[in-house]
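Notes follow once the structure below has been shown.
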Amino acid sequence: MLKKTFELAVLKSAALAALALMALPAVAQTSNNCAPRDQVVKRLAERYGESRQSIGIGQRGVVMETFASADTGSWTITITTPGGVTCLVASGQSYKFLAEALPVVDSDA
């Protein structure tokens, strides 16, 4: 349970950071944590062995992606603006590849 709470906290933090970056597109484009998407993806692959594991579309067409390495467990969450600028939102270690089923919902509730 503690692990799940921690994972949710990390995801919530990443979501809040992404929202902050969406609210400040000029800052995001000049940040040291941002670059054209193709450069970011190439660097994550070459330096960390990470490949895209998940994707989602947020407000105003911003794309959130999670990159991770099955070999090292490193992970990175990015957001990409419609203009093609990708910013690093969060990164860490101990990524686990999961495909969990939804819990059974009791219809009597």
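Predicted, not measured: the structure shown is a model, and the values here were computed from it.
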Next item on the list: In sequence, state the C-alpha distance, the side-chain angles, and the governing distance for Lys42 and Asp38, and then conclude on side-chain contact (heavy atoms from CB on, under 4.5 Å).
Entry: CA-CA 6 Å; Lys42 182 178 179 182; Asp38 58 341; over 6 Å; no
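- A salt bridge (Lys or Arg N to Asp or Glu O under 4.0 Å) check over residues 74-90, counting only residues at least two apart or in different chains, returns nothing.
- Taking CD1 of Ile57 as the start and OG1 of Thr80 as the end, the distance is 11.0 Å to the nearest 0.5 Å.
- Between the side chains of Thr76 and Ser91, no donor-acceptor pair is found at a separation under 3.5 Å.
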Notebook entry, point to check: Does the pair Phe67 and Val41 meet the rule for a side-chain contact (heavy atoms from CB on, under 4.5 Å), with working shown?
Noted result: CA-CA 9 Å; Phe67 294 83; Val41 172; 3.9 Å; yes
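- Side chain of Glu46 to main chain of Leu44: no donor-acceptor pair is present (N/O by atom type, distance under 3.5 Å, no hydrogens or angles).
- Legend: residues meeting salt bridge (Lys or Arg N to Asp or Glu O under 4.0 Å) with Arg43, ordered by chain and number and at least two apart, are absent.
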Notebook entry, point to check: For Trp75 and Gln53, what are the C-alpha separation, side-chain angles and deciding distance, and is it a side-chain contact (heavy atoms from CB on, under 4.5 Å)?
Noted result: CA-CA 9 Å; Trp75 58 267; Gln53 303 301 314; over 6 Å; no
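- Residues Pro103 and Val105 have side chains not in contact (no heavy-atom distance under 4.5 Å, counting atoms from C-beta outward).
- Every residue meeting the side-chain contact (heavy atoms from CB on, under 4.5 Å) condition with Ser74, not counting sequence neighbours, appears here in chain and number order: Tyr48, Glu50, Ser69, Thr72, Gln93.
- For Gln39, the side-chain contact (heavy atoms from CB on, under 4.5 Å) criterion is met by Ala35, Pro36, not counting sequence neighbours.
- Every residue two or more places apart in sequence or in another chain that forms a side-chain contact (heavy atoms from CB on, under 4.5 Å) with Ile55 is listed here: Arg52, Val63, Glu65.
- Under the side chain to side chain donor-acceptor pair (under 3.5 Å) criterion, Ser94 pairs with no residue at all, not counting sequence neighbours.
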